[in-house]
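Remarks on the structure that follows.
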Number of protein chains: 2
Amino acid sequence: MDAPYKYDLILKNVGRFIELNDSEKDLFKSLLTEGSAKRKEFVMQPGEITKHEYYVTKGCLKVYSLDRNGVQHVSMFAIEDFWTGDMASFMLQQPSTYYIKALEDTEFLMISKSNFERLFKEIPKFERFYRNLYQRSLVSYVRRTNEGISLTAEERYEIFLNKYPHIANRITQKDLAAYLGITPEFLSMIRSKMSKR
Amino acid sequence: MDAPYKYDLILKNVGRFIELNDSEKDLFKSLLTEGSAKRKEFVMQPGEITKHEYYVTKGCLKVYSLDRNGVQHVSMFAIEDFWTGDMASFMLQQPSTYYIKALEDTEFLMISKSNFERLFKEIPKFERFYRNLYQRSLVSYVRRTNEGISLTAEERYEIFLNKYPHIANRITQKDLAAYLGITPEFLSMIRSKMSKR
DNA sequence: CAGAAAAAATAAAGTAGTTTAAGAAAAGTG
DNA sequence: CACTTTTCTTAAACTACTTTATTTTTTCTG
């Protein structure tokens with residue numbers, strides 16, 4: 001196989017922040033479940049209580065919600081090596097308000113709430129891993145929140161293209177518009193305006 | 001004194017997620033520094049490399065940045081029992097882009113980058129504390145990001161009033177508008193429209 | 001508590017982004 | 001590869017929010 005084996009991928013991801021010995025690696029792997037979703041299939045829907053956090057090893061997931069007018073708002077796109085899920089629902093075990101849908105045939109590893117707790121009990125340094133992971137996510141969400149209230153749609157679009165070029169060319173403009181918080185029509189206008197420069 | 005002593009306050013905050021024995025409490029306290037700022041005084045300015053994370057024990061801090069047109073955008077208001085700072089600058093030790101300014105005479109406890117690392121080394125369960133703290137912050141920033149791109153200013157204003165009524169009546173409308181990402185004039189219009197209902 | 005400074009309110013004109021609609025291009029499916 | 005469905009583009013009318021300007025109200029400071 002060309003792509004790294006999914007467990008090597010997640011161990012490398014974890015290895016950014018903590019070192020594990022072989023038995024810890026085995027224990028960690030044993031607490032994960034494998035999952036997959038065909039293109040257009042839902043991994044999760046509103047109303048469900050989130051049972052897992054997801055780590056994508058192949059493909060692309062779209063995490064989004066519908067507002068009261070039925071308009072989609074994309075919270076994130078998760079491609080290879082991304083962690084995703086609905087943290088609020090997972091953490092507090094309350095019904096989610098999000099859809100998670102596969103945009104491509106997707107494979108992922110999952111960790112359940114109880115295994116998540118067990119992981120911390122058995123290998124406490126995973127607290128450190130997730131502390132670092134969340135710290136980084138927090139930094140990027142703080143930035144994105146500020147961008148959302150201070151920049152124009154065109155500026156946010158350019159930032160997305162620069163930051164996630166490999167995501168931008170895998171998703172539709174419609175989905176990208178839903179991530180930027182604008183209509184597909186307006187994104188189309190922005191693009192034609194930009195290409196004329 | 002009426003207000004709980006500042007160290008009791010922070011220990012209670014930490015106690016939400018981890019239990020400390022007396023010697024751990026003493027060690028933790030020894031790693032903190034006390035600080036204060038008079039109304040209108042800056043705690044931090046852009047260009048500085050953030051040396052501390054802050055825990056407010058009294059008063060109110062405003063964390064904000066200026067965009068290229070000189071318009072203020074407020075990232076957060078930190079009142080008693082709030083943790084704040086510029087995480088990106090603190091974590092990566094690179095120059096900050098934020099101002100932190102006291103809106104009232106304010107007192108806080110600070111932890112330096114090196115003491116932060118030492119804390120994790122000496123009392124590893126603090127990894128758990130910060131893992132939980134960041135996990136919660138992440139949940140609220142994910143929500144705020146989505147609100148920013150999917151709701152009208154009026155809706156976001158109502159959410160703020162419901163969620164932080166005790167903050168809303170301590171800050172100016174100008175600062176609140178800068179938090180919502182709108183002009184003070186438009187917030188004023190929203191308010192007069194709402195009061196006519 | 002008086003004078004200065006800052007914040008808030010109101011209003012008119014302007015702009016970023018939406019809505020609706022219709023046709024062209026691209027992609028999914030048998 | 002034809003057909004259906006979805007996405008993308010373009011454009012005109014509309015709305016949420018900004019800009020600029022002026023007046024009123026509140027807050028700060030000596």
Side-chain angles (χ1 to χ4, degrees), chain A residues 37-41 59-60 62 64 66-74 77 101-106 147-161 167-197, chain B residues 38-41 59-60 62 64 66-74 77 101-105 147-161 167-197:
Chain A
K38 287 266 168 220
R39 196 172 121 76
K40 294 189 179 177
E41 202 177 297
C60 182
K62 172 174 74 164
Y64 69 98
L66 296 184
D67 68 20
R68 89 181 71 77
N69 305 315
V71 178
Q72 273 193 30
H73 299 282
V74 173
F77 300 104
K101 191 177 185 176
L103 295 183
E104 308 168 359
D105 292 353
T106 301
E147 287 169 2
I149 62 175
S150 63
L151 301 182
T152 63
E154 183 173 342
E155 290 168 323
R156 283 179 277 136
Y157 175 57
E158 284 179 326
I159 288 172
F160 186 88
L161 288 187
I167 296 184
N169 57 32
R170 279 167 75 167
I171 61 179
T172 62
Q173 281 173 226
K174 199 184 167 196
D175 282 337
L176 179 44
Y179 175 93
L180 296 173
I182 57 176
T183 58
E185 291 84 353
F186 190 55
L187 178 55
S188 181
M189 284 173 62
I190 288 172
R191 284 165 51 83
S192 86
K193 191 178 143 213
M194 279 171 64
S195 71
K196 276 168 197 149
R197 281 204 297 259
Chain B
K38 288 265 168 221
R39 195 172 121 77
K40 294 190 179 174
E41 203 177 296
C60 183
K62 172 173 75 163
Y64 68 99
L66 297 184
D67 67 21
R68 89 181 71 75
N69 305 315
V71 178
Q72 272 193 31
H73 300 282
V74 173
F77 300 103
K101 191 178 187 175
L103 295 183
E104 308 170 1
D105 292 353
E147 286 169 2
I149 61 174
S150 64
L151 302 182
T152 63
E154 183 172 344
E155 291 168 321
R156 283 179 278 136
Y157 175 57
E158 283 180 325
I159 287 172
F160 186 88
L161 289 187
I167 296 184
N169 56 32
R170 279 167 74 166
I171 61 178
T172 61
Q173 280 172 226
K174 199 184 166 196
D175 282 338
L176 179 42
Y179 175 93
L180 296 173
I182 58 175
T183 58
E185 291 84 353
F186 190 55
L187 178 54
S188 181
M189 284 174 60
I190 289 172
R191 284 164 51 83
S192 85
K193 190 179 143 211
M194 279 172 64
S195 70
K196 275 168 197 148
R197 279 205 299 256

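Chain letters run A, B, ... following the sequence lines, proteins first, then strands; residues in each count from 1.
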Quiz item: Got a sec, which residues hit side chain to side chain contact (heavy atoms under 4.5 Å, CB included) with A:S192, two or more places apart in sequence or on another chain?
Solution: A:K196
Self-check item: Test side chain to side chain contact (heavy atoms under 4.5 Å, CB included) applied to A:A37 - qualifying residues, sequence neighbours left out
Solution: A:E41, A:V43, A:A102, A:F108
Quiz item: Partners of B:F77 by ring-ring contact (aromatic ring centres under 6.0 Å, His included), sequence neighbours excluded?
Solution: B:Y179
Quiz item: Shortest non-hydrogen contact from A:I190 to A:A153?
Solution: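 That would be CD1-CB, 3.8 Å.
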Practice problem: Looking only at non-hydrogen atoms, find the nearest pair between B:I159 and B:L151 and report the distance. | Solution: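 For B:I159 versus B:L151, the nearest heavy atoms are CD1-CD1, 3.4 Å.
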What are the atom names and distances for every N/O pair under 3.5 Å that joins the protein to nucleotides 8-11 of chain D?
unit_1, atom_1, unit_2, atom_2, d
D:dC8, OP1, A:Q173, N, 2.9
D:dC8, OP2, A:Q173, N, 3.2
D:dC8, OP2, A:K174, N, 2.8
D:dT9, OP2, A:Q173, NE2, 2.7
D:dT9, OP2, A:S188, OG, 3.0
D:dT9, O5', A:S188, OG, 3.2

Self-check item: Donor-acceptor pair, side chain of A:D105 and main chain of A:K38, under 3.5 angstrom
Solution: no
Practice problem: Indicate yes or no for a side-chain donor-acceptor contact from B:E155 to the backbone of B:T152 under 3.5 Å, with no hydrogens or angles considered. | Solution: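 Indeed, once roles are kept as given, a pair shorter than 3.5 Å links the two residues.
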Between the protein and nucleotides 25-29 of chain C, are there any N/O to N/O pairs under 3.5 Å, and if so, what are the atom names and distances?
unit_1, atom_1, unit_2, atom_2, d
C:dG28, OP1, A:R39, NH2, 3.3

Please report, rounded to the nearest Å, how far the [atom2] atom of [N] is from the [atom1] atom of [X].
| X | N | atom1 | atom2 | result |
| --- | --- | --- | --- | --- |
| B:N69 | D:dT18 | CG | C1' | 12 Å |
| A:I182 | C:dT15 | CD1 | C1' | 16 Å |
| A:R170 | D:dT7 | CZ | P | 18 Å |
| B:L176 | C:dA6 | CG | C1' | 17 Å |
| B:L103 | D:dC28 | CG | C1' | 15 Å |

Practice problem: For B:D67, enumerate each residue passing the side chain to side chain donor-acceptor pair (under 3.5 Å) test, keeping only those at least two apart in sequence or located in another chain. | Solution: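 Side chain to side chain donor-acceptor pair (under 3.5 Å) check on B:D67 returns B:H73.
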Quiz prompt | Which residues share a side chain to side chain donor-acceptor pair (under 3.5 Å) with A:R170, sequence neighbours left out | solution = A:E80, A:E104
Practice problem: Can you tell me which residue pairs pass the salt bridge (charged side-chain N to carboxylate O under 4.0 Å, His left out) test with a partner in residues 172-184 of chain B, sequence neighbours excluded? | Solution: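 Passing the test, one end in residues 172-184 of chain B: B:K62-B:D175.
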Indicate every side-chain donor-acceptor pair of residues 180-189 of chain B with a distance under 3.5 Å to a residue at least two apart or in another chain.
unit_1, atom_1, unit_2, atom_2, d
B:T183, OG1, B:F186, N, 3.2

Exercise. Evaluate the side-chain proximity of B:L103 to B:R39: yes if any heavy-atom separation is below 4.5 Å, no if none is.
Key: no
Practice problem: State which residues pass salt bridge (Lys or Arg N to Asp or Glu O under 4.0 Å) with B:K193; sequence neighbours excluded, sorted by chain then number. | Solution: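 If we apply the salt bridge (Lys or Arg N to Asp or Glu O under 4.0 Å) test to B:K193, skipping adjacent residues, the hits are B:E154.
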Exercise. Scan residues 149-158 of chain B against DNA chain D and write down, sorted by residue number, each residue with any heavy atom closer than 4.0 Å; if none is found, say none.
Key: B:T152, B:A153
Quiz item: So what is the end-to-end bend of the helix from C:dC1-D:dG30 to C:dA27-D:dT4, with 5 pairs used at each end and the value given to 10 degrees?
Solution: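 Inter-axis angle at the ends, rounded: 70°.
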